[in-house]
Amino acid sequence: MLQLRLIVPADLRGQVLDRLDACVGVAHVAVLPGGAVRPPGDLVLCDVAREAADELLGELRALGLAERGAIVMDEAGLTISRTAEEAEERAPGEGVDALVWEEVSGIVHEESTLSWVFLALLTVATMLAACGAVLDSAILVVGAMAVGPEFGPLAGLCVAVVQRRARPAARSLLALVVGFTVAMVLTVGFALLMDALGLFSDAKFAAARPNTSFIWQPDAMSFVVAFLAGVAGLLSLTSAKASALVGVAISVTTVPAAANAAVAVAYGEYAQGWGSAVQLALNLGGIVLAGLLTLLAQQGAWRFARRR
């Protein structure tokens with residue numbers, strides 16, 4: 001169940017309560033007249049089954065509640081109530097399959113915004129991956145994959161394209177382009193500094209690296225893995241199973257490919273640089289394509305389930 005907290009202007013109270021009464025997935029409606037101060041209005045609380053939430057939120061938005069009042073949604077947590085069980089039974093479909101677009105958009109908005117924290121995490125992850133590439137350490141490469149925050153903008157781009165929203169799509173693209181550009185440029189400087197300190201060397205980088213050579217040797221499996229990771233990542237977001245994102249983070253070599261390309265530029269190893277760039281493009285493209293197809297499939301399946 002999800003919990004809704006609504007601030008409702010007095011003149012909208014009747015319409016909002018009618019919508020809540022008409023929604024089969026709503027339970028535990030409570031009204032505190034005049035309970036809200038800023039903005040002024042009534043405080044309305046209710047629980048709603050996840051599978052009924054998206055349609056209800058759309059109806060509340062259509063009433064102008066987002067502009068004149070407020071809509072706050074949270075996970076209800078443990079709910080012990082026969083009324084709630086009946087509401088979930090009456091709601092169409094299964095909660096785990098439900099698409100709540102407002103929730104998904106809210107999750108990816110913060111993760112897909114270009115910020116200092118995003119730049120710092122992506123840069124640190126790229127530098128860590130550079131260390132793993134030069135030292136041929138798979139452990140460091142995996143660690144860099146887990147630290148990298150690039151899946152947020154990729155998911156944000158997919159959601160924005162499916163919803164046909166240009167501004168969020170541009171924000172996600174900006175985060176990706178600027179983020180990877182800054183991270184790679186700084187990693188070139190980092191590699192040169194490490195070389196000057198005697199910690200990196202062209203000989204190490206150019207030598208056979210059996211544990212990390214896959215980073216700059218892309219093949220068909222690179223795209224397949226990225227595609228599958230994209231499917232898993234979008235499913236984890238739409239079903240609120242964030243733990244699955246850990247698996248996505250350590251399965252796609254976007255950050256290691258960017259790092260290897262940066263070190264290759266620093267040492268003039270352009271063959272490795274080109275291979276790494278292709279690997280990066282394959283991974284980014286695979287994730288985006290998978291994300292778009294996953295969201296479209298979920299959207300179609302959910303509409304079909306609601307019609308039934």
Side-chain angles (χ1 to χ4, degrees), residues 1-9 11-33 35-36 41-110 155 158-160 162-165 168 234-244 291 294-308:
M1 297 290 286
L2 299 172
Q3 186 177 70
L4 288 182
R5 184 171 75 251
L6 311 175
I7 295 180
V8 183
D11 60 305
L12 291 180
R13 180 198 303 172
Q15 298 179 66
V16 169
L17 292 180
D18 287 343
R19 294 293 191 282
L20 297 181
D21 288 339
C23 182
V24 295
V26 169
H28 312 142
V29 179
V31 181
L32 284 72
D42 300 334
L43 183 61
V44 179
L45 307 174
C46 69
D47 292 331
V48 58
R50 174 176 288 274
E51 49 268 48
D54 191 62
E55 184 176 2
L56 178 60
L57 290 174
E59 293 176 350
L60 295 176
R61 269 192 170 276
L63 292 175
L65 192 59
E67 290 74 25
R68 299 184 54 197
I71 305 172
V72 181
M73 183 177 73
D74 294 303
E75 291 286 344
L78 176 63
T79 304
I80 304 175
S81 164
R82 179 57 189 164
T83 303
E85 292 176 0
E86 292 174 350
E88 289 184 317
E89 291 170 358
R90 290 194 302 266
E94 296 293 332
V96 71
D97 296 329
L99 263 179
V100 185
W101 282 111
E102 294 287 350
E103 180 184 47
V104 175
S105 298
I107 292 173
V108 300
H109 179 274
E110 183 177 350
C158 295
V159 172
V162 171
Q163 292 187 313
R164 299 179 182 178
R165 299 173 62 187
L234 266 297
L235 286 175
S236 71
L237 286 177
T238 56
S239 63
K241 294 185 180 295
S243 59
T294 299
L295 288 174
L296 289 172
Q298 282 186 285
Q299 188 179 56
W302 183 239
R303 285 176 177 172
F304 178 75
R306 286 170 60 179
R307 290 195 194 101
R308 292 185 62 187

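Numbering starts at 1 and runs along the sequence shown.
- Residues forming a salt bridge (Lys or Arg N to Asp or Glu O under 4.0 Å) with Asp47 (at least two apart in sequence, or on another chain): none.
- Taking each heavy atom of Ala27 and Ala87 in turn, the nearest pair found is CB-CB, 4.1 Å.
- With sequence neighbours excluded, no residue satisfies salt bridge (Lys or Arg N to Asp or Glu O under 4.0 Å) with Arg5.
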Side-chain donor-acceptor contacts of residues 59-73 below 3.5 Å, not counting sequence neighbours, with atom names and distances?
from	atom 1	to	atom 2	distance (Å)
Arg61	NE	Glu102	OE2	2.6
Arg68	NH1	Asp11	OD2	3.0
Arg68	NH2	Asp11	OD1	2.8
Arg68	NH2	Asp11	OD2	3.2

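- Every residue two or more places apart in sequence or in another chain was checked for a side-chain hydrogen bond (donor to acceptor under 3.5 Å, both in side chains) with Thr79, and none qualifies.
- For the atom pair CG of Leu32 and CG of Asp42, the computed distance is 8.5 Å after rounding to the nearest 0.5 Å.
- Within a 6.0 Å radius of CD in Glu110, other residues, nucleotides and ligands contribute 12 heavy atoms or fewer.
- For residues 76-85, the pairs satisfying salt bridge (charged side-chain N to carboxylate O under 4.0 Å, His left out) are Arg82-Glu85, Arg82-Glu86, Arg82-Glu89, with sequence neighbours left out.
- Every side-chain contact (heavy atoms from CB on, under 4.5 Å) that Val26 has, sequence neighbours left out, goes to Leu20, Cys23, Val29, Cys46, Val48, Leu56.
- Take Ser81 and apply the side-chain hydrogen bond (donor to acceptor under 3.5 Å, both in side chains) test, not counting sequence neighbours, and it matches His28.
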Check your understanding: Could you walk me through whether Val8 and Gln15 pass the side chain to side chain contact (heavy atoms under 4.5 Å, CB included) check?
Key -> CA-CA 10 Å; Val8 183; Gln15 298 179 66; over 6 Å; no
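- Using a 4.5 Å heavy-atom threshold, the side chains of Arg165 and Val159 count as separate.
- Atoms CG and CG, from Leu12 and Leu6 in turn, are 11.0 Å apart once rounded to the nearest 0.5 Å.
- Applying the side-chain hydrogen bond (donor to acceptor under 3.5 Å, both in side chains) criterion to Gln3, with sequence neighbours excluded, gives no partner residue.
- Under the side-chain contact (heavy atoms from CB on, under 4.5 Å) criterion, Ala49 pairs with Met1, Glu51, Glu88, Ala91, not counting sequence neighbours.
- A distance of 13.5 Å separates CZ in Arg19 from CG in Leu57, rounded to the nearest 0.5 Å.
- Taking CD from Glu75 and CD from Glu103, the interatomic distance works out to 6.0 Å, rounded to the nearest 0.5 Å.
- Nearest heavy atom pair, residue Trp101 against residue Leu295, reads CH2-CD2, 4.1 Å.
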